[in-house]
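Input: a single structure, listed below in structure tokens.
Position 1 is the first residue of the sequence, and the numbers go up from there. Quick caveat: nothing in here was measured; it's all calculated off a predicted structure.
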Amino acid sequence: MNMSANAANPLLDFTDLPRFDAIKPEHVTPAIEALLDENRAVVAQLEAPMAQVTWENFVEPLENVTEKLGRAWGVVGHLNSVVDTPELRATYNENQPKVTEFWTALAQNLALFEKYKALQASPDFASMPAARRKIIENAVRDFRLGGAELPEDKKPRFAEIQEKHAVIATRFSENVLDATNDYALFVESENELSGLPEDVKQAARAAAEKDGKSGYKFTLHFPSYFPLLQYADNRTLRETIYRANATKASELGAKPEWDNSQNIVELLKLRAEEAAMLGYQNFAEVSLVPKMAESPQHVIGFLEDLAKRARPFAEKDLAELRQFAKEELGLDQLEAWDMAYASEKLREKRYAFSEQEVKEYFPEPKVIEGLFRVVQSLFAVQIKPDSSPVWHKDVKFFRIEQDGELIGQFYLDLYARNGKRGGAWMDDARGRRKLKDRIQTPVAYLTCNFSEPVVVDGKQRPAFFTHDEVITLFHEFGHGLHHMLTQVDDLSVAGIAGVEWDAVELPSQFMENFCWEWDVLQHMTSHADTGKPLPRELFDKMIAAKNFQSGLQMLRQVEFSLFDMHLHHDYDPNGGKSVQEVLNELRQRVAVVIPPAFNRFQHSFGHIFAGGYSAGYYSYKWAEVLSADAYSLFEEASEATGSVLSSEAGLRFSQEVLAMGGSRPALESFTAFRGREPNIDALLRHNGMAA
């Protein structure tokens, strides 16, 4: 590989931010191959015997070289998620096995494992900074989980499992994306769309025009299909889109090649085999080693306790909804495709407002300004517009400063579009670390899938967000703050790195709470026509409605979490029982709403089949206990001062939780912040389930 060709490759330029304006699919293979060669060369040097192993002569050179590979591959993976093209997908899939193979081999490298153990046993260990001790302890643990202690003849199979797993997980998410992108429902006449809000119809009209078609186009992207379920008076239309969404990427979906049935079974088999090779009884045990929770039984106990507490509320929610649907909407039998519709109508009747009415108060510029105001008030930072190459014209870029110093930067990519995977997430472009002459500041990607701005009557109108979308934005920004406000100088435990997975959602769920505060919302709202802020009366209705159906919602999250836990704990993928049967039995036991027999929700449950949440989906509920309890300190502050935007509590949260990153156990960070261990009371109170 000649160096001059490399010098021109933008993926190999680590001087500053990624050069998204220059990176092309043809850069990927040469860049990744050059980086893999460099990594292998450094690893070979570090395997050689050393007189004395130190942080400087061993860990540092390893971090320096693996960081480059992680960053470059991170850029490729990010582009694959946000601007998926056939060329990019092909090069991503071609290189992914090579990258996986490298990390798997690294995780099993006995020579490196021995050196980490030597560092841990060295007389210098005790005097090292806490962050470095934690990195070494994590490394020793991860080598064990990575198969480093397996007999040599077992290692090739273990490596094969990792590679197959990565390939199948990628295929799982591609199938979901392809099935989502492929589906289109065209509705000719506006009469069939009665009940739908104006802006939803405008977006559907614009989507049809883009395709050169008449009428209205609906897709399986959330901002397109969900309003049909929520507002369309036409029951057949609701059933059509519900069925399409509930069967996507399954054997009942559009194309057999997008069916994830076999991928699910394969992934579970590979995980079970990996667990057995490592000497664990099941994959759930493996998954929990680096998490806060002690055991699968501990997690199942926690979830079943929540289910028991939520169930009476869920049963009451459902009984009320059925009665309302029968008496007011003439729906004798409440079907799955009636749930969102009937719920929206009941909420409008009970609280006299609709989500749509609220949405008119949340234009994007005002929401972003309001979010920044909260962050700036709490954490004594300044957020300013910044410039950098981006991957799509709609992406914005910002910097965060503290006392005039740059401490982090982030990209904001807010709108749904084809070729972009659904959902919302935060990812890191680079982490914080101390270099010889300076601090490398962290950079984050914040990605959502909201409706884009539309042109109405020749006028450009900003994007308007539902209150749920505002909550999502705050959630992802919480992850971003965890990544960007870290004060740790060592990469592997800076920001989110090294944080236990079941504590990762603490800052994100914590930030959601501010979306329910009058002091926050009055500053981040402006009506589409009048420009007036959200009226207090409407806010009070929103608060009254906040826990509308919270029993049903909590039970649903618990159902997903238990499904995930049981699949990885006591289900045998090689046995006679199907995954669908596990889900059916669980629902009979836990759920109050049983979806139709054709529902294949699991076939697009990317969190546990293609994301990092296998035997970890419970983390959302687990972290919600922590986040609700953390937020209760801000509620206490507001009783004294009248505002939850307490800079004193914010500073403490920033210092003890955000700044610390993964440099100490999450429980220690929480306890240092709250002055005690977490308890569940605040979570139940926030959900209207307090005793």
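- Rounding to the nearest 0.5 angstrom, the gap separating the CG atom in Leu446 from the CE atom in Met426 is 7.0 Å.
- Note that OH of Tyr351 is 14.0 Å distant from CG of Leu538, once rounded to the nearest 0.5 Å.
- Taking 4.0 Å as the cut-off between side-chain N and carboxylate O, Glu656 and Arg664 count as a salt-bridged pair.
- Residues Trp73 and Tyr92 place their aromatic rings such that the two centres sit under 6.0 Å apart.
- With ring centers used as reference points, Phe397 lies under 6.0 Å from Tyr411.
- The side-chain hydrogen bond (donor to acceptor under 3.5 Å, both in side chains) with Asp413 is formed by just one residue from the set Lys420, His392, Lys396; it is Lys420.
- Nearest heavy atom pair, residue Gln553 against residue Phe548, reads OE1-O, 4.4 Å.
- At a cut-off of 3.5 Å, with distance as the only test, a side-chain donor of Asp13 or Thr15 sits close to an acceptor on the other residue.
- If you look at Phe398 and Phe372, their ring centroids are closer than 6.0 Å.
- For Ser643 and Asp519, the side-chain atoms include at least one donor-acceptor pair closer than 3.5 Å.
- With Gln440 as the partner, the side-chain hydrogen bond (donor to acceptor under 3.5 Å, both in side chains) test is satisfied by one option alone out of Glu67, Arg432, Arg433, Arg430: Glu67.
- No hydrogens or angles considered: nothing links the side chains of Tyr613 and Tyr618 as a donor-acceptor pair under 3.5 Å.
- Within a 6.0 Å radius of NZ in Lys546, other residues, nucleotides and ligands contribute more than 12 heavy atoms.
- Outside the 6.0 Å centre-distance limit, the rings of Phe539 and Trp516 are not counted as a close aromatic pair.
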For this session: Please lay out, stage by stage, how Phe410 and Tyr445 fare under the test ring-ring contact (aromatic ring centres under 6.0 Å, His included).
Result: CA-CA 6 Å; Phe410 60 94; Tyr445 303 118; over 10 Å; no

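- To the nearest 0.5 Å, atom NE2 of residue His475 and atom CG of residue Leu473 are 11.0 Å apart.
- Here the CZ-CG distance, from Arg421 to Leu177, works out to 9.5 Å after rounding to the nearest 0.5 Å.
- Note on Glu355 versus Arg347: salt bridge recorded, some NZ/NE/NH1/NH2 to OD/OE distance being below 4.0 Å.
- Within the structure, salt bridge (charged side-chain N to carboxylate O under 4.0 Å, His left out) pairs that include any residue of residues 500-513 do not occur (at least two apart or interchain).
- The ring-ring contact (aromatic ring centres under 6.0 Å, His included) check on Phe670 picks up nothing, with sequence neighbours excluded.
- The backbone N or O of Val76 sits nowhere less than 3.5 Å from a side-chain atom of Asn80 that would complete a donor-acceptor pair.
- Ion pairing between a basic and an acidic side chain is recognised when a charged N comes within 4.0 Å of a carboxylate O; Arg205 and Asp199 show no such pairing.
- The pair Glu636-Arg674 meets the salt-bridge criterion, with a side-chain N (NZ, NE, NH1 or NH2) lying under 4.0 Å from an Asp/Glu carboxylate O.
- Salt bridge status for Lys621 with Glu624: present, with a side-chain N to carboxylate O gap under 4.0 Å.
- At least one donor-acceptor pair closer than 3.5 Å links the side chain of Asn679 to the backbone N or O of Asp681.
- At a cut-off of 3.5 Å, with distance as the only test, no side-chain donor of His479 or Asp427 sits close to an acceptor on the other residue.
- Taking the ring centre of Phe464 as origin, the terminal cationic atom of Arg461 falls inside the region bounded by 6.0 Å and 45° from the ring axis.
- Checked for salt-bridge contact, Glu635 and Arg685 meet the test: a charged N lies under 4.0 Å from a carboxylate O.
- In this structure Phe653 satisfies the ring-ring contact (aromatic ring centres under 6.0 Å, His included) test together with Phe510, Phe673, sequence neighbours excluded.
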